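Every value quoted in this text rests on a predicted model; they were computed, and no experiment measured them.
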There are 2 protein chains.
Amino acid sequence: MKFYEKHPKILLAVDSIIFGFNENERELKLLILKRNFEPAKGNWSLMGGFVAPEESIDGAAERIVKELTGLENVYMEQLFAFGGLTRDPGGRIVSVAYFSLIKLNDYDRELAKKHGAYWISLSELPDLIFDHNEMVTKALRKLRIRARTQPIGFELLPEKFTIPQLQGLYEAIYQTPFDKRNFRRKLLSMNLLEKLDEKEKETSKKGAFYYKFNQEKYEELLLKGFNFEI
Amino acid sequence: MKFYEKHPKILLAVDSIIFGFNENERELKLLILKRNFEPAKGNWSLMGGFVAPEESIDGAAERIVKELTGLENVYMEQLFAFGGLTRDPGGRIVSVAYFSLIKLNDYDRELAKKHGAYWISLSELPDLIFDHNEMVTKALRKLRIRARTQPIGFELLPEKFTIPQLQGLYEAIYQTPFDKRNFRRKLLSMNLLEKLDEKEKETSKKGAFYYKFNQEKYEELLLKGFNFEI
DNA sequence: ACAAAAGTGTTACGGATACACCCATGT
DNA sequence: ACATGGGTGTATCCGTAACACTTTTGT
């Protein structure tokens, strides 16, 4: 039984804003690529693709990220549906944008290379095709809002991280320095970080203790009405 | 010059969560209708419609609201794109949901009647078709977040309103009482409300002064980095 | 005179901010 | 011994929350 058959269909795409972070650098990166098909071939672009009839839009977004990075089960959130009539000169396309957070050391370098993908610092972002710069701006704004009230920062860090690394991440996201005493106090006061015995000794002589985020504890606290807040 | 021609197209719809408020009652209302076509004919549903090839998704959302209420230029915000494979038993449809805020006295009663539409209190919301209840839940959550940090409450009130009416609106949105001294102080301290000489005398013998929201002043303050916050 | 809603001030508390020195260790 | 980044405590400020009585006026 089929309904709605007389209604016109539309090309539907997804585009992925893929954020990456490396705990040793201090910048948030974005994965973009040289587009290898028309229109706008050769220009910088986000990774995207069309939604197939037999896949959900979330599924399409996951497929796109996996094609480019080899990663599955990464943090992903729907950003916005872009549906202006003239956003893509190649035709009338509605695109649902998603943003993802990945650890910069995890992705598949071969796959990325094959697609002509590069990590770009946010501060050096070039002009992208169509409305992709607008997508990035919107994604960054949403990321900043999210990172304040949900513990998604940890998606960008390895399992073990130091407090200075965590602070570096937040400083990269918000592009502003934090007071290290206040930052540490605030984070530790939530009792969500587990201190390990091991120290990170690359970046300082004294060494900084590793911590890890306790997801189970977070979920437990959530049920009691706890709100993560930075 | 056409590109992308070999890619499959998809049915794209919009659904509208239309919130309404009447300053004399104390409840937030939702406009829903009895669906008059298959599938799920006769069940409660949000107002929706398909996106035409020659209209933007925002345009489709505006058209839908106008068809049902006769209103244009109402506050409207994109909520979320729902793209699960089985969300509509009538076929594979991706739907972009929007929510709108309207003043309950403004809409066209004839149009609404013709579509079989009714205003329902949030507390009495029935089962809606497909994922429409989920849409409403999500819209309500977003409305609550927005109303805290942007002056959108005024979209639900007439140009002239009293402080107790404004408080009643916020209490309806958040389903929780506020202290009237603190509420009044906070709102007035932003210097965005202009006190009029006139009083509203229906609901009390003493009468309450009317105020109006000063949009120009708000925009001016925004430029200086002001943040609306309740 | 009384009922019913409008309007008004002060205090206490807690979280946020600002700020400077000591510690550990590799060279 | 010194340079480098890690780690710590306290005082102040400000916004938030709690709370009860007076005013106006229609009946």
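The shortest distance between side-chain heavy atoms of A:Thr176 and A:Tyr170 does not fall below 4.5 Å. With a 4.5 Å cut-off on side-chain heavy atoms, B:Asp108 and B:Leu71 do not count as touching.
The ring of B:Phe19 has its center no closer than 6.0 angstrom to the ring center of B:Trp119.
Looking only at distances, no side-chain donor or acceptor of B:Lys180 sits under 3.5 Å from a matching main-chain atom of B:Pro164. Between the B:Tyr174 side chain and the B:Arg148 main chain, a donor and an acceptor come within less than 3.5 Å of each other.
The CD atom of A:Glu229 sits 18 Å away from the P atom of C:dG14 (whole-angstrom rounding). Taking atom CZ of B:Phe209 as the reference point, atom C1' of C:dG7 lies 10 Å away to the nearest angstrom. Across the protein-nucleic acid pair, B:Phe183 atom CZ and D:dG15 atom P stand 19 Å apart, rounded to whole Å. One atom, CD of B:Glu202, and another, P of D:dG26, lie 12 Å apart when rounded to the nearest Å. Between the P atom of D:dG15 and the CE atom of B:Met190 lies a distance of 13 Å, rounded to the nearest Å. The distance from atom CD1 of B:Ile230 to atom P of D:dT16 is 11 Å, rounded to the nearest whole Å.
Contact check of residues 156-172 of chain B against DNA chain C (heavy atom, cut-off under 4.0 Å) returns B:Pro164.
Rounding to the nearest 0.5 Å places CD1 of A:Ile163 at 9.0 Å from NZ of A:Lys195.
For the residue pair B:Tyr98 and B:Asp58, a side-chain donor N or O sits within less than 3.5 Å of a side-chain acceptor on the partner.
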Donor-acceptor pairs are to be reported for all side-chain atoms of residues 132-140 of chain A against protein atoms at under 3.5 Å, with residues two or more places apart or in another chain.
{"residue": "A:His132", "atom": "ND1", "partner": "A:Leu46", "partner atom": "N", "Å": "3.1"}
{"residue": "A:Asn133", "atom": "OD1", "partner": "A:Leu128", "partner atom": "N", "Å": "2.6"}
{"residue": "A:Asn133", "atom": "ND2", "partner": "A:Pro126", "partner atom": "O", "Å": "3.3"}
{"residue": "A:Thr137", "atom": "OG1", "partner": "A:Asn133", "partner atom": "O", "Å": "3.0"}

Inset, instruction - For each nucleotide in nucleotides 17-27 of chain C, reading 5' to 3', give B when a protein heavy atom comes within less than 4.0 Å of its base, S when such contact involves only the sugar-phosphate, and - otherwise. - result: BBBB--BBBB-
